[in-house]
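Notes follow once the structure below has been shown.
For reference, positions follow the sequence shown, starting with 1.
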Amino acid sequence: MRLTEVWSSTEQAGTFMSIADFVGLIGVAAYLLAYGLLQLDLLKVEDDRYASLNGIGAIAILYSLIFDFNLPSFIAQAAWLVFTIIGYVRSHSKRTLSKTVNT
């Protein structure tokens, strides 16, 4: 489906965008916020909020892909979510181990 077809079909329906598109945009905003805060040194990779923003971004974009599937994007988002979970678990276990050793 071409962008002009999408635009005209949503225009006829009287809506600007679908809920799936809106959720997908929230996911993109979460990714960009995580990356921007990291680059501005306001978040660290080890911060749970960084992992949360990345996880929310991946889940929201995966949700939007249910309604307009794109295999390469699905693979990228699924991999991003898996890597985010792995990073969160590793970071959390290092902090727990560090607290245990220090006490």
Side-chain angles (χ1 to χ4, degrees):
M1 184 175 266
R2 293 187 180 108
L3 182 58
T4 55
E5 293 170 342
V6 171
W7 182 262
S8 64
S9 66
T10 56
E11 199 174 68
Q12 291 171 359
T15 59
F16 179 69
M17 72 174 68
S18 69
I19 292 172
D21 287 340
F22 183 73
V23 171
L25 287 174
I26 290 171
V28 170
Y31 276 157
L32 293 175
L33 183 61
Y35 186 69
L37 292 174
L38 181 70
Q39 294 305 312
L40 294 171
D41 215 17
L42 297 172
L43 277 183
K44 302 292 180 204
V45 173
E46 298 83 16
D47 194 323
D48 288 345
R49 295 173 294 177
Y50 180 73
S52 296
L53 286 168
N54 276 297
I56 289 167
I59 290 168
I61 293 173
L62 284 169
Y63 172 80
S64 74
L65 287 171
I66 292 170
F67 300 93
D68 190 13
F69 190 74
N70 177 321
L71 182 60
S73 185
F74 176 82
I75 291 169
Q77 298 311 313
W80 196 275
L81 183 58
V82 168
F83 293 143
T84 297
I85 292 168
I86 291 169
Y88 173 79
V89 169
R90 288 184 66 215
S91 177
H92 192 328
S93 63
K94 282 181 185 179
R95 281 182 279 163
T96 303
L97 182 61
S98 175
K99 286 179 186 177
T100 306
V101 170
N102 290 334
T103 55

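Other residues, nucleotides and ligands place more than 12 heavy atoms under 6.0 Å from the CG atom of Asp48. Counting non-hydrogen atoms of neighbouring residues, nucleotides and ligands closer than 6.0 angstrom, the CZ atom of Phe67 exceeds 12 such neighbours. By the neighbour-count criterion of 12 heavy atoms within 6.0 Å, atom CZ of Arg95 is densely surrounded, having more than that number from other residues, nucleotides or ligands. Residue-environment remark: CD1 (Ile19) stays at or below the threshold of 12 foreign heavy atoms within 6.0 Å.
Linking ILVMFWY side-chain heavy atoms closer than 4.5 Å, directly or via other members, places Val89 and Ile59 in a single hydrophobic cluster. Cluster membership for Ile86 and Val45, using ILVMFWY side-chain heavy atoms within less than 4.5 angstrom, is not shared. Follow the hydrophobic side-chain contacts under 4.5 Å out from Leu81 and you reach Leu32 in the same cluster. Under the 4.5 Å side-chain contact rule for hydrophobic residues, Phe69 and Tyr63 do not share a cluster. Cluster annotation: Leu25 and Tyr35 are assigned to distinct hydrophobic clusters (Ile/Leu/Val/Met/Phe/Trp/Tyr, side-chain heavy-atom contacts under 4.5 Å, transitive).
Considering all non-hydrogen atoms of both residues, Lys44 and Tyr50 come closest at O-CB, 3.6 Å. The two atoms that bring Leu65 and Gln77 nearest to each other are CD1-CG, 4.3 Å, heavy atoms only. In this structure, Ser64 and Ala20 approach most closely via the heavy-atom pair CB-O, 3.1 Å.
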Problem - Pair Ile66-Leu62, side-chain contact (heavy atoms from CB on, under 4.5 Å): steps then yes or no - result: CA-CA 7 Å; Ile66 292 170; Leu62 284 169; over 6 Å; no
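Judged purely by atom type and a 3.5 angstrom limit, Thr100 uses its side chain to pair as donor or acceptor with the backbone of Thr96.
Annotation: the span from Ile26 atom CD1 to Ile56 atom CD1 amounts to 10.0 Å, rounded to 0.5 Å.
Contact check for Leu37 versus Arg49: no side-chain heavy atoms found under the 4.5 Å cut-off. Side-chain contact between Trp80 and Ile61 is absent, with no heavy-atom pair separated by less than 4.5 Å. Between Leu53 and Leu43, some side-chain heavy-atom pair lies under the 4.5 Å cut-off. Counting heavy atoms from C-beta on, the side chains of Tyr88 and Ile85 never come closer than 4.5 Å.
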